[in-house]
Visitor: 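So that we are looking at the same thing, I have put the structure below in structure tokens.
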Amino acid sequence: MSIIGRIVNMFSSTAQRTGMGEDDSFVVSNQMKESARALAAEGIVLLRNNGVLPITKDNKVAVFGRTQYNYFCVGYGSGGDVNAPYKASFTDGLRESEIIKINKSLEKIYMEWCKKNVPDEGFWGHWPYCFEEMPLTDEVVKEARKTSDTAFIVIGRAAGEDREQKLEPDSFYLNKGELNMLDKVTSVFQKVVLILDVGNIIDFEAIASFEDKVSAIVLAPLGGMESGYALCDVLSGKVNPSGRLADTIALKYQSYPSSGNFGNRKYNNYEEDIFVGYRYFESFAKDEVLFPFGFGLSYTRFSINATVKPEAQGAVISATVKNTGERAGKEVVQVYVKAPMGKLIKPHLELKAFAKTKLLEVGEEEKLQLYIDEYSMSSYDDEGVTDNIACWVLEEGDYEFFIGKNSRDIISLGKIHFDKKVTSKCHTACPPKEKLTVLKSYEKLSANPEDFTYKWCYGTKPPILGYLKDRIIRELPKEITTLKKNITYNDVKEGRATIDDLVASLSNEELDMLCHGHYKMNSPLGVKGNAGALGGISESLKNKGIPVAIPTDGPSGLRLCEKASLLPSGMAIACSWNEKLTEYIYSLIAEEMKEKGSDILLAPGMNIHRNHLCGRNFEYFSEDPLLSGKMASAVVRGIQSKGSSACPKHFACNNQERARKINDSRVSERALREIYLKGFEICVKESDPKCIMVSYNKINGVYSYHNYDLCTVILRKEWGYKHLVITDWWTKKGKNPDFKGVDDNAYRVRAQADVLMPGGNRLGKYDGTTLKSLKKGGLTRAELQRSAKNVIAFLLEIGK
Ligand code: BGC
């Protein structure tokens, strides 16, 4: 590693918890190995197959591309930095496979070259997107063809935290070496399988230009420690592919609706509004799609027979899935709804329910029932165009239900008429503070009312200003005063006193201590390599028996000095569409948490894939909020099954890594609620995470950790969240525009982002702005108590 690298690392969060590589006796259990392999395999998406897959024992395969050996199993940064006991590369998988026979001479050429050309692993924020490709000559390819009938080409990419994918060869685009490899191999081999070992969707234009010369395309999202084995399982047919895309793949980057408004330093206008991913493509740009959202092939075939019926406040879809092919396999049933175009513009269709079948043997059937309620089919009216401002409105009309194999390949099940209904009343919250131009009106291109051929038009969302101060004052909590003295944590635990009693007995200094973490990562109060500590972090709190809780990163496993299981990435998990298996694997992680001393796993990462360049897309799930919310719920249920806490992050709109600590996501309230918050809402309501991490970025001008509307109004009042909110690690300062002298951490506590993490600045110093504000009559003691109560309640909930 270069000198600059070493220096940068000293200040990075990695360095603050280092000791990586220390040996320990950790042995991955067989259950974990098997389920990590199964989940990674279920996350693999077969995009094309002109009959070349699965590979049989009769094939002889020539494997091209250095990535076979230098395989990417995970992305970069806190979300992937697990000290894995092993990372199975494709080479490892091929060596283990009893079915895939490879060309050994070619393997030798690659191994020798890779060993001579060891890649530089880079340093924080400067990790390699890919490794230099071995220059390939015609002779090598022709020689390989003499004894092999099939070629595999492996191309790899990774990005990460503070490491956005870039619109450059080596990153989003294929580089010369890779194009040369594709060119040479496809000119000599008739059977070519392209394997993409990636954490982000990359460019497909160059790939598409090879047309059918590439016989099969396999998207293998970063699969964790079992990556290479899982890939071989799918290629050899040991596992029938059942992964489905969690994102749309379009031909060009410029086709994606956010491409004009991504990557800016100060702010990005979310002009595409609710039209993210397939919501945009299926409504306005069908022809630009190469592989639709939800797409994925299998080695078998399925028939799906389904009906839809109205049911109390919603609809029920009954589906029978039958394996009509020649191999056992799993199918993903996807239900899309086309809402009537009313006063609020609607996407052509939206995913409203899905289910994955069990492994169906040849000829076997499974019956599934999926329920969709009226609330989830409603739209959010942020401007009152339906006369119901700040409400979720089910607009009157016929709702058409489709059963689909993906967002394009759908069959109508019929329509159900719903009358207009307000399904939930909310509060205007986090509205744009600037005039925002968004895709919001439409111009019909056809007279047919059923026809959704609409032209997209922009309109403006007017700013809403000046409502927040009164709201906060109206809702200020009352100070808790009780006369009980000398209360301890145990008194509360054992029922002799209430949380209120304890909190009322604490001094302002003690309350403040509960509202920030133990200053640094790798706190001496917890296991080595932890992300910090919170709770009883001072002597006086300790004397009252208040315990500490130890968070560790996530999501791909436990980020510690000692070794820990490395799981498939969020993208792989989402592509599996398998909630049960996801929950199960995280229940195994919950056991690891108990063994190793982690109380909170900083997982799942669940921001929306707004743009394929976002460095952390590998950690996050999908462009779709339902899929994101459901997979996140599965992760949370798994983690919390043994009593510890999950911590979904980053709430909300951390949709790019560049300048994430200052960037402003300017977004309409409708898009915020329907797209960017929806996954979190589903997760909160379905799996009750005990802790949530707010993001660094601003939403419409306000940092998430200063955002009362986000942390109090939406999260707690509207969604009923009762637990802890913590900040992301090291946040920026901020002046409160509404309350003079309630700045920085006082501003945060007023918003109810309870705990500052890790609790100090980069040098480990806490700025004390809460107590200063309190003294000057800004922040109130009652507000400090409110957050301190959330901390104590949290500690009790996780059984401390
Ligand atoms: C990341 C979080 C992570 C935290 C602690 C931050 O930089 O954004 O996702 O949990 O560091 O490592």
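Atoms within a ligand are numbered from 1 in the order they appear, just like the ligands themselves. Computed from a prediction, not measured in an experiment: that's the story for all the values here. The basis for the numbers below is simple: all heavy atoms, side chains too, and nothing from hydrogens, waters or symmetry mates.
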Visitor: Any idea which of Asp162, Leu602, Asp728 brings a heavy atom closest to atom 2 (C) of ligand 1?
Guide: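 Closest candidate by heavy-atom distance is Asp728.
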
Visitor: Examine ligand 1 and decide if any of its atoms is less than 4.0 Å from a heavy atom belonging to Tyr696.
Guide: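 True for this residue.
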
Visitor: Can you list the ligand 1 atoms lying under 4.0 Å from a non-hydrogen atom of Arg559?
Guide: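 This gives 12 (O) as the contact atoms.
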
Visitor: Which ligand 1 atoms, with their elements, are less than 4.0 angstrom from a heavy-atom of Lys649?
Guide: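 Answer for ligand 1: 2 (C), 3 (C), 9 (O), 10 (O).
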
Visitor: I'd like to check the salt bridge (Lys or Arg N to Asp or Glu O under 4.0 Å) partners of Glu686; sequence neighbours left out, ordered by chain and number.
Guide: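 Lys630.
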
Visitor: Going by the rule side chain to side chain contact (heavy atoms under 4.5 Å, CB included), which residues pair with Lys732 if we only count those two or more places apart in sequence or in a different chain?
Guide: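 For Lys732, the residues satisfying side chain to side chain contact (heavy atoms under 4.5 Å, CB included) (neighbours in sequence not counted) are Lys661, Ile662, Tyr703, Tyr705.
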
Visitor: Under 4.0 Å from a heavy atom of Met521: which atoms of ligand 1 are those, numbered in the order shown and with their elements?
Guide: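 Taking each heavy atom of Met521 in turn, ligand 1 has 5 (C), 12 (O) under 4.0 Å.
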
Visitor: Heavy atoms only, cut-off 4.0 Å: how does Arg616 contact ligand 1, side chain, backbone, both, or neither?
Guide: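 Side chain only.
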
Visitor: Suppose I only count heavy atoms of Met693 and a 4.0 Å limit; which atoms of ligand 1 are within that range?
Guide: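 What qualifies from ligand 1 is 10 (O).
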
Visitor: If you measure from each heavy atom of Glu619 to ligand 1, is any distance below 4.0 Å?
Guide: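 Distance cut 4.0 Å: Glu619 fails for ligand 1.
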
Visitor: Between Asp247 and His609, is any side-chain donor less than 3.5 angstrom from a side-chain acceptor?
Guide: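 Yes, side-chain donor-acceptor contact under 3.5 Å.
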
Visitor: What I want to know is whether Arg660 and ligand 1 share at least one N or O pair that is separated by under 3.5 angstrom.
Guide: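 Among all N and O atoms of Arg660, at least one is under 3.5 Å from an N or O of ligand 1.
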
Visitor: Determine yes or no for a side-chain-to-main-chain donor-acceptor pair under 3.5 angstrom, with Arg716 supplying the side chain and His723 the backbone.
Guide: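 Judged by distance alone, yes, a pair lies under 3.5 Å.
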
Visitor: Under a 3.5 Å cutoff, is there a donor and acceptor pairing between the side chains of Ser665 and Tyr270?
Guide: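 Side chains of Ser665 and Tyr270: pair found under 3.5 Å.
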
Visitor: Would you please determine whether Met757 falls within less than 4.0 Å of ligand 1 on a heavy-atom basis?
Guide: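 It does not; every heavy atom stays at 4.0 Å or beyond.
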
Visitor: With a 4.0 Å cut-off, would you call Lys596 and Glu562 a salt bridge?
Guide: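 Looking at Glu562 together with Lys596, the answer is yes, because their closest N to O distance falls below 4.0 Å.
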
Visitor: With distance as the sole test, does Ser773 use its side chain to make a donor-acceptor pair with the main-chain N or O of Thr769 at under 3.5 Å?
Guide: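 No: the side chain of Ser773 does not pair with the backbone of Thr769.
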
Visitor: For ligand 1, which atoms have a heavy atom of His650 less than 4.0 angstrom away?
Guide: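 This gives 2 (C), 8 (O), 9 (O) as the contact atoms.
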
Visitor: Side chains of Arg660 and Asn663: do they bring a donor and an acceptor to under 3.5 Å?
Guide: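 Checked: Arg660/Asn663 side chains show no N/O donor-acceptor pair below 3.5 Å.
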
